[in-house]
There are 2 protein chains.
Amino acid sequence: MSTRQSHRATILDVARAAEVSRQTVSNVVNSPHKVAPDTLVRVQAEIDRLGFRPSRAARTLKQERAGAWGLEIDARGAGRLGSVLDAFLVELTLTSSRNDTHILPFAAPDYREPIAAYEEVLASRLADGFILTDTRHDDPRPQWLRDRGIPFAAFGRVWDDPTETAWVDVDGAAGVETAVSHLVDEGYQRVAFLGWPTGSPVGDDRRAGWARAVDRLGVGDEAWQGVAVQELDAATLAARPLVDIVGPGGAIVCASDALAAGVWRAVHERGLRPGLDVGIVGFDDTDAARVLGLTTLRQPLTEITERVLAILLNAQTPPAAGTVLHPELVRRSSSSRTVIPPAR
Amino acid sequence: MSTRQSHRATILDVARAAEVSRQTVSNVVNSPHKVAPDTLVRVQAEIDRLGFRPSRAARTLKQERAGAWGLEIDARGAGRLGSVLDAFLVELTLTSSRNDTHILPFAAPDYREPIAAYEEVLASRLADGFILTDTRHDDPRPQWLRDRGIPFAAFGRVWDDPTETAWVDVDGAAGVETAVSHLVDEGYQRVAFLGWPTGSPVGDDRRAGWARAVDRLGVGDEAWQGVAVQELDAATLAARPLVDIVGPGGAIVCASDALAAGVWRAVHERGLRPGLDVGIVGFDDTDAARVLGLTTLRQPLTEITERVLAILLNAQTPPAAGTVLHPELVRRSSSSRTVIPPAR
DNA sequence: ATGTCTGATTTGAACGTTCATATGAGAGGA
DNA sequence: TCCTCTCATATGAACGTTCAAATCAGACAT
């Protein structure tokens, strides 16, 4: 039962087997160009035969870098509705695997006091830097990290510091503008907006996109907007008056799929049909959007993770400016005035 | 700009500051009972003052254990509908933080050939063992790990080996039985089932629960079942004949929320109302269920992660038997024949 | 006074790498 | 022939811990 943990090959085992020194094996792995061609193939053969991989711990110790990046996980757990961040973590893991590095997910015991958890990760030398998500106004993290010279890259703008460029974000305003244009093209004549309470930069950005678009296209009014937290019942409640305002032939764009789901319910309550009678567009392309058939704006997560990781892996040459990517409009039945058959 | 990475305190810094040896500091951290009380407080004060935490890498190297557990992430990425595994990863991270250990998410380049990726993680000494999810028939992983004496614990039964006890699972059959009983209590008279294609052990288990319950309660027929893959359009297509069979006053239980969402659409297509006319119950309590107001069975993820981690952290005393937990029925409007107002 | 035991603390060594430096073997020029 | 240079490979040291063994200081018994 208690079979001794099978002895894994070390660099010395390989060195002995190939009759070279440790350093030569190390060079084969890390600087192949320094090794004579025939030695290279001989050592590489032994590496493959023995299944040798450098011990991450030993390498970390010597090089004083962990080869891993911390990602704070919201301590409120999986109870949040329609978060795109779970998908981000998954995508980030995939991207990391391809870049010979790792993600260290960690949780702050109290999500309102995140710094202590970052401190802890650094003190244990578990990560070389961090990936920030959920950046916000008065976010203490960017400055704290910058002051200490700790590398980081953010998914989401670093809002309070325009000189900070280590971020990748999606142009929410442009995305919403695209959505409004699309709705107008589809024949909707009035476009309202349901967003989050003012103060969330992401939400405010998306709202600004709506305001600009309806102004430009003449399909809306400053007053046609509602506010709700990211919660279904609250969204439904806030959506009702908006549905009454725009009525059949109108549409509502939302700061999130969860809010759009609320609109969807309010539309149904009034005996109207999403799409056919009232257009709805959400944001993030979560499961909720797919099951409701909601048109939505999809963030290019794969590209985001690749760019975030690139910032960290080339930390010596910081980007000249933050990166803004465009979300992609995913058309579904909620923004079509004709029936789209659901099945093939 | 290139401020030298701030020098973090090592055990030697603390030792010098407290005027004791390295080993005494180590004892303060790891075996406080070995240290004289007054020395303890003095050293602890310096530890706190300097913010010392043992370097994980150095500890890993010396102890030959990583203090981390590998979790394979599905390389197909975040595109899957209604996966409960994202939530599992988040919950696991939170539980790990509380137990002074870590989760190492990693991806297999080809998800059909997972072993190589596990091999890689072990060879790099990145993890001491693994947490398996998505256990299935002909799963090569449990045996492979067992043969090598590598600790693991599974979320999901180890189906092919009844002697294996290192798993925690949810009683899907009992959950579905509960759902059927609930539907009968609510006044639905016929209960059909929409599941995944035969061969998925999780799906077969859930189907068995339905078969048992409808047989016992006399509310169904062996023939009243449909099959679809975990995809919305397929589910909608498969749901249509079932809706026609059970009709108003009938109900359909499903192997997942995604399938339930398909039923939900099919019910609407027929001009019927979920809940009021046709009952629907899903499985997993994903966002989709919340947004659609679907009654569903929630897996107790926090308890699952705690037990999974407990198995790994007490690997020397393997559990006597696999652990089966019960899912919790979450009642929403899709299983109520009277209107439940959505808002407060 | 001497020896023995116990508990607290210290010292030496090792975990597996990589960095910096040293050595060795040829090649080429004087 | 000898010196210099270059390229390939080898050696010593160090990263920060913890394990095992050694030392030290008292307490107690003889």
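Sequence lines set the chain letters: A, B, ... in the order given, protein chains first and strands last, and positions in each chain run from 1. Only this structure's heavy atoms are used, side chains among them; waters, hydrogens and symmetry mates stay out. These numbers come from a predicted model, not from an experiment.
The separation between Leu61(A) atom CG and dT18(D) atom C1' is 12 Å, rounded to whole Å. Between Ile11(B) atom CD1 and dC19(D) atom P the separation is 11 Å, expressed in whole Å. Between the C1' atom of dG7(C) and the CG atom of Leu40(B) lies a distance of 15 Å, rounded to the nearest Å. Counting to the nearest Å, the C1' atom of dA14(C) and the CZ atom of Arg59(B) are 17 Å from each other. Separating the CZ atom of Arg65(A) from the C1' atom of dC19(C) is a distance of 13 Å, rounded to the nearest angstrom. Taking atom CG on Asn27(A) and atom P on dA8(D), their separation rounds to 11 Å, with Å as the unit. At whole-Å resolution of the value, NE2 in His33(B) and P in dT9(C) are 13 Å apart. Rounded to whole Å, the distance from CG on Asp38(A) to P on dC7(D) is 16 Å.
Here Arg8(A) does not pair with Glu64(B) in a salt bridge; the nearest charged N to carboxylate O distance is not below 4.0 Å. Salt-bridge formation is not detected for the pair Arg42(B)/Glu19(B): no Lys NZ or Arg NE/NH1/NH2 atom is positioned less than 4.0 Å from an Asp or Glu carboxylate oxygen. For Arg98(A) and Glu306(A), the salt-bridge test passes: some basic side-chain N is under 4.0 Å from an acidic carboxylate O.
Across all strands, Arg53(A) comes closer than 4.0 Å only to sugar-phosphate atoms, never to a base (heavy-atom distances). Thr10(A) comes within contact range of the sugar-phosphate backbone alone, with a heavy-atom separation under 4.0 Å but no base atom that close. Here Thr60(A) lies out of heavy-atom contact (under 4.0 Å) with every strand.
Of the two residues near DNA chain C, Lys62(B) and Val35(B), the one whose nearest nucleotide lies more 5' is Val35(B). Comparing Ala58(A) and Asn30(B) along DNA chain D, the residue whose closest nucleotide (by nearest heavy atom) sits nearer the 5' end is Ala58(A). Where Pro54(A) and Ser21(B) each meet DNA chain C at their nearest nucleotide, the meeting point lying more 5' is that of Ser21(B).
We find the CD1-CD distance between Ile115(A) and Glu120(A) to be 13.0 Å, quoted to the nearest 0.5 Å. Expressed to the nearest 0.5 Å, how far CZ of Arg307(A) lies from OG1 of Thr95(A) amounts to 12.5 Å.
Side-chain atoms of Gln23(B) and base atoms of dC19(D) include a donor and an acceptor less than 3.5 Å apart. In terms of polar N and O atoms assigned as donor or acceptor, the side chain of Arg22(B) comes within less than 3.5 Å of the base of dT18(D) in a complementary pairing.
The phosphate of dT10(C) has OP1 or OP2 within less than 4.0 Å of a side-chain N or O from Thr24(B).
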